[in-house]
Amino acid sequence: QVHLVESGGGLVQAGGSLRLSCAASGRTFSSASVGWFRQAPGKERDFVASISGSGSNTYYADSVKGRFTISRDNAKNTVNLQMNMLKPEDTAVYYCAAQYSIIDKIFVSKNEYAYWGPGTQVTVSS
């Protein structure tokens, strides 16, 4: 079992930056793939980015590629999402999720993730 908590959300103007963090406790974190997802009001929860347990593999949604960077520090049991050049359409609740695998791989579908944090609100004003 692993417990996830997101932090770093807030209100920012368009063009600004935020850094989200996902802190894990419980089970060893370094063998877990971690993903970030977001959900705007009335919409589906969408994939944003993911990173493999070792950190060597990453994958991004086209909508955030070149603006967002996912990284992890397994010694600190944290995964970060650096968000630059934010747009109003980035406004959503952001969730981190984890899934364990014996292979160093990434997961993209929200249905593949077993563990979820409660989420953190990101609001981008125009």
Side-chain angles (χ1 to χ4, degrees):
Q1 191 80 4
V2 64
H3 182 62
L4 305 174
V5 178
E6 304 92 341
S7 62
L11 173 65
V12 64
Q13 288 188 332
S17 298
L18 282 174
R19 184 179 178 86
L20 304 184
S21 291
C22 175
S25 60
R27 190 173 168 184
T28 302
F29 196 49
S30 59
S31 56
S33 171
V34 175
W36 284 97
F37 293 78
R38 64 187 182 186
Q39 188 167 19
K43 295 189 176 181
E44 295 286 322
R45 188 171 298 189
D46 293 331
F47 170 80
V48 175
S50 62
I51 188 167
S52 62
S54 69
S56 60
N57 298 306
T58 59
Y59 188 73
Y60 297 91
D62 287 343
S63 59
V64 306
K65 201 172 294 183
R67 299 189 297 123
F68 291 11
T69 303
I70 189 171
S71 61
R72 69 189 297 157
D73 185 340
N74 285 336
K76 296 182 179 180
N77 283 352
T78 58
V79 171
N80 298 310
L81 185 69
Q82 178 67 41
M83 307 187 296
N84 298 327
M85 296 181 288
L86 283 161
K87 304 175 182 180
E89 51 263 44
D90 294 319
T91 295
V93 177
Y94 283 69
Y95 301 88
C96 69
Q99 177 60 287
Y100 286 87
S101 174
I102 59 174
I103 301 172
D104 190 49
K105 62 179 290 186
I106 56 175
F107 300 94
V108 177
S109 169
K110 58 181 180 289
N111 297 321
E112 296 178 294
Y113 285 90
Y115 304 99
W116 291 84
T120 185
Q121 176 71 47
V122 171
T123 303
V124 184
S125 63
S126 57

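All heavy atoms count here, side chains included; hydrogens, waters and symmetry mates do not.
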Applying the 4.5 Å side-chain criterion to the ILVMFWY set and letting contacts propagate, would Tyr59 and Tyr94 be lumped into a single cluster? no

Electrostatic pair Asp90-Lys87, nearest N-O below 4.0 angstrom: no

Please check if the number of heavy atoms outside Lys65 that lie under 6.0 Å from its NZ is greater than 12. yes

Mind telling me whether Trp116 and Phe37 have parallel, tilted or perpendicular rings, with 30° and 60° as the class edges? tilted

So, Asn74 side chain and Ser54 main chain: donor-acceptor pair closer than 3.5 Å or not? no

Kindly compute the distance separating CG (Leu20) from CG (Asn80), expressed to the nearest 0.5 Å. 8.5 Å

Please tell me if the side chains of Thr58 and Ile106 come closer than 4.5 Å, counting only heavy atoms from C-beta onward. no

Specify the closest pair of heavy atoms between Ala24 and Val2, including all atoms of both residues, with the distance to one decimal. CB-CG2, 3.9 Å

Grab the two heavy atoms, one from Ala23 and one from Thr78, that are nearest each other, plus how far apart they are. CA-CG2, 4.3 Å

At their closest point, which heavy atom of Phe107 faces which heavy atom of Gln99, and how far apart are they? CE1-CG, 3.8 Å

Any chance you could measure Arg72, atom CZ, to Cys22, atom SG, to the nearest 0.5 Å? 9.0 Å

Provide the closest heavy-atom pair for Phe47 versus Val108 in the form atom of the first, atom of the second, distance. CD1-O, 3.3 Å

Walk me through it: do Cys96 and Val79 pass the test side-chain contact (heavy atoms from CB on, under 4.5 Å)? CA-CA 9 Å; Cys96 69; Val79 171; over 6 Å; no

Donor-acceptor contact below 3.5 Å, side chain Thr91 vs main chain Val124: yes

Would you indicate whether the side-chain heavy atoms of Leu81 and Arg38 approach each other to under 4.5 Å? no

Answer with yes or no whether the hydrophobic clustering places Val48 together with Tyr95; edges join I, L, V, M, F, W, Y residues whose side-chain heavy atoms lie under 4.5 Å apart. no

Please round to the nearest 0.5 Å and tell me the distance separating atom CG of Asp46 and atom NZ of Lys110. 7.0 Å

Between the side chain of Glu6 and the main-chain N/O of Thr120, is any donor-acceptor distance below 3.5 Å? no

Is the positively charged end of Arg27 above the ring of Tyr115, judged by distance under 6.0 angstrom from the centroid and angle within 45° of the axis? no

Look up atom CD1 in Ile51 and atom OG in Ser56, then write down how far apart they are to the nearest 0.5 Å. 8.0 Å

For the residue pair Val122 and Gly9, what are the closest heavy atoms and their distance? CG2-CA, 4.1 Å

Taking C-beta and beyond as the side chain, do Arg67 and Tyr60 meet within less than 4.5 Å on heavy atoms? no

Just by distance, do the side chain of Tyr113 and the backbone of Ser33 share a donor-acceptor pair under 3.5 Å? no

d(Phe68 CZ, Ser17 OG) to nearest 0.5 Å is 9.5 Å

Pairwise distance CD1(Ile70) to OG(Ser50) - rounded to 0.5 angstrom: 6.0 Å

Go through the side-chain N and O atoms of Asn84 and Gln82 and say whether any donor and acceptor fall under 3.5 Å apart. yes

Heavy-atom distance under 4.5 Å between the side chains of Phe29 and Asp73, does that happen here? no

Which pair of non-hydrogen atoms, one from Leu86 and one from Leu18, has the smallest distance, and what is that distance? CD1-N, 3.8 Å

